[in-house]
Peer 1: 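This is the structure I have questions about; it appears just below.
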There are 2 protein chains.
Amino acid sequence: MPDSPVPLDRQLWDLVYAHDAAWDRAARTAGLSAAQACLLDALTDGGRSMGELAELLLCDASNVTQLVARLEAGGLVARRADADDRRVKRVTITPAGRRVRRAVRRAFDFADERLGRLTEAERLRLSGLLGKLLAPPS
Amino acid sequence: MPDSPVPLDRQLWDLVYAHDAAWDRAARTAGLSAAQACLLDALTDGGRSMGELAELLLCDASNVTQLVARLEAGGLVARRADADDRRVKRVTITPAGRRVRRAVRRAFDFADERLGRLTEAERLRLSGLLGKLLAPPS
DNA sequence: TATTGTTATACTCTATAACTATA
DNA sequence: TATAGTTATAGAGTATAACAATA
């Protein structure tokens, strides 16, 4: 007899958990929390303001202050006042921060290891289906 | 010109976030944290021991003690010593807990609202693809 | 006055270590 | 002795409200 099929929403839960857990593990192997790794991952070459980071990370600005403070204490990011608008602080990644970020991204093998199992055609199909799931509610 | 395609792993991140955020919102509308809602969601009619809950929720037993304490303070669960092995505590859901749990599940509209957009054929395809992604690493 | 960011504070989640009660 | 659970404690993530500096 066939195995009872796993309901689709249960599969989605499992996917969410697997993806999340892979990121958490990757962050921890580099000595970061998942949230700190997200912040580091969100930095661009020009740096980002605290407000931009709050928006990207979908959290309060006061939270960003704390996350940045911890990363700064570890020497992974630097904070300096913007030249044009001195209210704005720009957060930039340090050379040490780049090394750690590379390590996190390399350790986050979900995309490589799991997505690598799909053929190109399957990827396209998955992409189309995810697009429908992610479309904003009508 | 076509929109530049969204990378598949970015789509996955978005899905993870959307799914997670939907659960978080559902829990909060019922006055619970996401973790508390997960615990409530994991309870069965016969109740579960603290240890079982720790295993299901993938966290330490001391954490379960705190989560249960908060839910118990709100009258949503009850804790009683097991008759056979008095070291074991069985956590059961109260009538009020059932009402709250129903509210959370109803508010968690992800499955209904997002998955409802797919045709049966698309669901089957998605299920197959998720199965490949979720298969344990070879 | 409005905006950017910080500080003070509080709550929750989470884990570790030491402890109690029971087996 | 071993197991189930609790307590004490600590660190991190998160938010709200009050505040400082700058525009």
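Every heavy atom of this structure was used, including side-chain atoms; hydrogens, water molecules and symmetry mates were not. In what follows, chains are A, B, ... by sequence order, proteins preceding strands, each numbered from 1.
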Peer 1: A/L39 CG to C/dG5 C1': how many Å, rounded?
Peer 2: 15 Å
Peer 1: Which distance, rounded to the nearest 0.5 Å, do you find between the CG of A/L15 and the CG of B/L129?
Peer 2: 11.0 Å
Peer 1: Quickly work out the A/D20 CG to C/dT14 P distance and round it to whole Å.
Peer 2: 12 Å
Peer 1: Look up atom CG in B/L133 and atom CG in A/L118, then write down how far apart they are to the nearest 0.5 Å.
Peer 2: 5.0 Å
Peer 1: Given atom CG of B/L58 and atom C1' of C/dT14, what is their separation to the nearest angstrom?
Peer 2: 13 Å
Peer 1: Take the angle between the ring planes of B/W13 and A/H19 and call it parallel below 30°, perpendicular above 60°, tilted in between.
Peer 2: perpendicular
Peer 1: Distance check: side-chain N/O of A/K89 vs OP1/OP2 of D/dA21, anything under 4.0 Å?
Peer 2: no
Peer 1: Looking at A/R79, does any N or O in its side chain come under 4.0 Å of the phosphate oxygens OP1/OP2 on C/dT6?
Peer 2: yes
Peer 1: Do A/R87 side-chain and C/dT3 base share a donor-acceptor contact under 3.5 Å?
Peer 2: yes
Peer 1: Could you tell me if the side chain of A/K89 sits less than 4.5 Å from the side chain of A/D82, heavy atoms only?
Peer 2: no
Peer 1: May I have the distance from B/D60 (atom CG) to D/dT7 (atom P), rounded to whole angstrom?
Peer 2: 14 Å
Peer 1: Would you say A/R70 places a side-chain N or O within less than 4.0 Å of OP1 or OP2 belonging to D/dG13?
Peer 2: yes
Peer 1: Starting from P on C/dG5, measure out to CG on A/L57 and report it in whole angstrom.
Peer 2: 13 Å
Peer 1: Suppose we screen for salt bridge (Lys or Arg N to Asp or Glu O under 4.0 Å). Which residues come up paired with B/R70, at least two apart in sequence or across chains?
Peer 2: none
Peer 1: Of A/D85 and A/L67, whose closest DNA chain D nucleotide lies nearer the 5' terminus?
Peer 2: A/L67
Peer 1: For B/R90, answer base if it contacts any base atom (sugar-phosphate contacts may also be present), sugar-phosphate if it contacts only those atoms, and nothing otherwise; contact means non-hydrogen atoms under 4.0 Å.
Peer 2: nothing
Peer 1: Considering only C/dT14, D/dT14, D/dA12, which nucleotide approaches the side chain of B/A35 most closely?
Peer 2: C/dT14
Peer 1: Just how far, in rounded Å, is P of D/dA12 from CG of A/D24?
Peer 2: 14 Å
Peer 1: Could you check how far CG of A/L53 sits from P of D/dT14, rounded to whole Å?
Peer 2: 13 Å
Peer 1: For DNA chain C, whose closest nucleotide is more 5', that of B/Q66 or that of A/M50?
Peer 2: A/M50
Peer 1: In terms of the nearest nucleotide of DNA chain D, which residue is placed more toward the 5' end: A/S62 or A/D82?
Peer 2: A/S62
Peer 1: Calculate the interatomic distance between B/N63 atom CG and D/dG13 atom C1'; express it in whole Å.
Peer 2: 14 Å
